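For reference, the structure discussed in these notes is given below.
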Amino acid sequence: MSETVQHWIDGAATSGASTRTADVFDPATGEVSRQVVLAEPSDVEAAVASAKKAFPAWRDTSLAKRTQVLFKFRELLNDRAPELAAIITAEHGKVVSDAAGEVARGQEVVEFACGIPHLLKGGFTENASTNVDVHSVRQPLGVTAVISPFNFPAMVPMWFFPVAIATGNTVVLKPSEKDPSASLFIAQLWKEAGLPDGVFTVLQGDKVAVDGLLDHPDVASVSFVGSTPIAKYVYERGTAAGKRVQALGGAKNHMVVLPDADLDLAADQAVNAGFGSAGERCMAISALVAVGGIADELVAKIADRAGKIRTGDGRRSCDMGPLVTKVHRDKVASYIDVAAADGADVVVDGRTITPDADGSGFFLGPTLLDRVPTTSRAYTEEIFGPVLSVLRVESYTDAVDMINANPYGNGVAIFTNDGGAARRFANEVTVGMIGINVPVPVPMAYYSFGGWKNSLFGDTHAHGAEGVHFFTRGKVVTTRWLDPSHAGLNLGFPTNA
Ligand code: NAD
């Protein structure tokens, strides 16, 4: 309880000018395990100044050297992934195997960024005009800010910073104050990998730090991930300050089960995707749309499986851990009453479980709600916990209409053996990431991650080609090496003669 998690500025841990702190909990025991410092405006200044100072040298560091550092960072991450997973579990609560999975998915973006020389190759046109050549390059932006949520303290920052650093930028990461230690561990790995001081900075904090970064004239871009209201706020304030902003928001992910689907497979996947990481995933399935007459059978199969899930301390042999804080746990649990009052059936009630844990952790077991009305707040709002709502519809068209009317558009899945129906679904649905018999369709690092509608503000998704584009800006250079034959005045507009 004595330890205080600090900032990482100029290649070293520091408390800076921070006088305010926040409690960090062990969600499995309910105890305060440490404190985290919260940045004051002068800490934002120090963090950005350090990143700004480091930028010119890093930008001009050869691609060969930059990728050497990335490869080394990748090796260190590989060797020390279990330590990082344990840190995540201690502050977030997810089971250790799930934390290790998060590190592995983040590492894929590091591996993608190791190939940056290929991704940064520009175009070249010889003789665009007579003896005139044209080439294009993409150059880094400068100081880039990354602001991340609590639910993936390692993976979400890694959606952005490997690409930002590989393309020659410097990064100021503002992690969630709920689980801040993973970011410091990562900072130490970067240092060990040989990254120059100031290229990767961690600024711990809350709204003061976020607002400071959004307004700072030396911050060129902001990559934000969090809830929709804050994403919208960050997008509007950041763009008003002239920055490039990508702000990924909340979600309400549907899983459609067509009558021809294998119901055992669908039930397994609904349970995995609904209750994995206690539903605290932006790609978790929270609304299961049963089409036609299959609902009774499907609900029974899911209820049976949900009853077998072992909930408890993520360091023990459990399937599902606690929620991140007591406040969040109670908010999630309150939706069970909301749904019941609105006429839903509470088929499995997670409030009644006995977790495998010591102390008073923030547990809520898997919860299954059936016949949830689309007008209920249990459907219209993001719950972000282990609560799976079943909605019953008559037809495929009803299912698509429901999904397309939803203000969120992060992920969606369809379960069917009908290729034609699946293809039509992928074509018609207004959602950014689609799974066909895949419940959590998180794109690989070489594709880009992001939703539509209220799940993303801005034009650019994370990592893959779009990530490289976000962290660079283009230049086109037109070149002619003059010889005496080019002499003479001509005030006409240059053409490609
Ligand atoms: P959050 O919006 O509360 O916090 C996200 C970040 O914003 C944190 O760093 C936090 O310190 C900061 N913040 C919080 N309140 C702020 C304020 N008033 N002003 C400025 N900054 C503020 O989100 P969370 O609870 O940490 O994370 C869960 C949310 O993130 C869910 O809505 C989830 O769907 C979303 N999420 C989305 C994606 C995606 O890819 N779309 C991925 C992961 C999580």
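In each ligand, atom 1 is the first atom listed, and ligand 1 is the first ligand listed. Keep in mind that this is a model prediction, so the values were computed, not measured. The chain is numbered in sequence order, starting from 1.
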In terms of residue, atom name and distance, what is the protein heavy atom nearest to atom 37 (C) of ligand 1? G249 O, 3.0 Å

Can a salt bridge be assigned to the pair K174 and E177 using a cut-off of 4.0 Å between side-chain N and carboxylate O? yes

Taking all non-hydrogen atoms of both residues, which atom of D197 and which atom of G11 are closest, and how far apart? OD1-CA, 3.4 Å

Mind running salt bridge (charged side-chain N to carboxylate O under 4.0 Å, His left out) on R310 and D356 for me, showing each step along the way? CA-CA 8 Å; R310 295 161 302 166; D356 177 9; over 6 Å; no

Atoms in ligand 1 with a heavy atom of C282 nearer than 4.0 Å: 34 (O), 36 (N), 37 (C), 38 (C), 39 (C), 40 (O), 42 (C), 43 (C), 44 (C)

Report the part of Y408 (side chain from C-beta onward, or backbone N, CA, C, O) that has a heavy atom under 4.0 Å from ligand 1; answer both or neither where that applies. neither

Just checking F362 against F25, ring centres under 6.0 Å apart? yes

For N151, counting its heavy atoms only, list the atoms of ligand 1 lying under 4.0 Å from any of them. 43 (C), 44 (C)

Within the structure, does Y233 bring an N/O atom to less than 3.5 angstrom of an N/O atom in ligand 1? no

Check E381 with K252, please: is the shortest side-chain N to carboxylate O separation under 4.0 Å? no

Heavy-atom pairs closer than 4.0 Å: do any link ligand 1 to the side chain of E177, the backbone, both, or neither? side chain

May I ask you to identify the nearest protein heavy atom to atom 27 (O) of ligand 1, giving residue, atom name and distance to one decimal place in Å? P149 CB, 3.2 Å

Can any side-chain N or O of Q204 pair as donor or acceptor with the backbone N or O of V37 at less than 3.5 Å? no

Mode of E382 contact toward ligand 1 - side chain, backbone, both, neither (heavy atoms, under 4.0 Å): side chain

May I ask you to say whether R281 pairs ionically with D98, meaning some side-chain N is under 4.0 Å from a carboxylate O? yes

W159: numbered ligand 1 atoms lying under 4.0 Å from its heavy atoms: 40 (O)

Below 4.0 angstrom from a heavy atom of V225, which ligand 1 atoms are there? Numbered from 1 as shown, please. 5 (C), 36 (N), 37 (C), 38 (C), 39 (C), 42 (C), 43 (C), 44 (C)

Pairs of nitrogen or oxygen atoms closer than 3.5 Å, one from K174 and one from ligand 1: do any exist? yes

Considering only protein heavy atoms, which is closest to atom 35 (C) of ligand 1, and at what distance to one decimal place? G226 O, 3.1 Å

Using distance alone, determine whether D211 and ligand 1 share an N or O pair under 3.5 Å. no

Short N-O contact, K243 and D215, less than 4.0 angstrom: no

How far is atom 17 (C) of ligand 1 from its nearest protein heavy atom, and which residue and atom is that? I230 CD1, 3.7 Å

Could you tell me the residue and atom name of the protein heavy atom closest to atom 19 (N) of ligand 1, and the distance to it rounded to 0.1 Å? K207 CG, 3.4 Å

Between R80 and E83, is the closest basic N to carboxylate O distance under 4.0 Å? yes

So if I count the atoms of ligand 1 from 1 in the order they appear, which ones are less than 4.0 Å from some heavy atom of G250? 32 (O), 34 (O)

Based purely on interatomic distance, does F150 place a nitrogen or oxygen under 3.5 Å from a nitrogen or oxygen of ligand 1? yes

Where's the contact between N410 and ligand 1, heavy-atom distance under 4.0 Å: side chain, backbone, both or neither? side chain

If you measure every N or O of D206 against every N or O of ligand 1, does any of those distances drop under 3.5 Å? no

Is S50 reaching over with its side chain to a backbone N or O of A46, donor-acceptor style, under 3.5 angstrom? no

Between D398 (side chain) and V393 (backbone), is there a donor-acceptor pair under 3.5 Å? no

Does V210 approach ligand 1 within less than 4.0 angstrom via side chain, backbone, both or neither, non-hydrogen atoms only? side chain

Check each atom of ligand 1 against the heavy atoms of S227 and keep those under 4.0 Å away; list them by number with element. 1 (P), 2 (O), 23 (O), 29 (C), 30 (O), 32 (O)

When the ring centroid of Y379 is compared with that of H254, is the distance short of 6.0 Å? yes

Would you check whether S148 reaches within less than 4.0 Å of ligand 1, judged by its heavy atoms? yes

For ligand 1, which atoms have a heavy atom of F384 less than 4.0 angstrom away? 28 (C), 31 (C), 33 (C), 34 (O)

Could you check, using the six-membered ring where one of them is a Trp, whether F112 and H463 have ring centers closer than 6.0 angstrom? no

Protein heavy atom at shortest distance from atom 40 (O) of ligand 1: F449 CE2, 3.0 Å

At under 4.0 Å between heavy atoms, is it the side chain or the backbone of F152 that contacts ligand 1, or both, or neither? neither

When the ring planes of F161 and W190 are compared, do they come out parallel, tilted or perpendicular, using 30° and 60° as the limits? perpendicular

Kindly compute the distance separating CD (E382) from OG1 (T228), expressed to the nearest 0.5 Å. 6.5 Å

Tell me, which protein residue and heavy-atom name are nearest atom 7 (O) of ligand 1, and how many Å apart are they? F224 CE1, 3.3 Å

Within-cutoff protein neighbour (heavy atom, under 4.0 Å) for atom 4 (O) of ligand 1: no

Quick test of your reading of the model: are E280 and K94 salt-bridged, counting only N-O distances below 4.0 Å? no

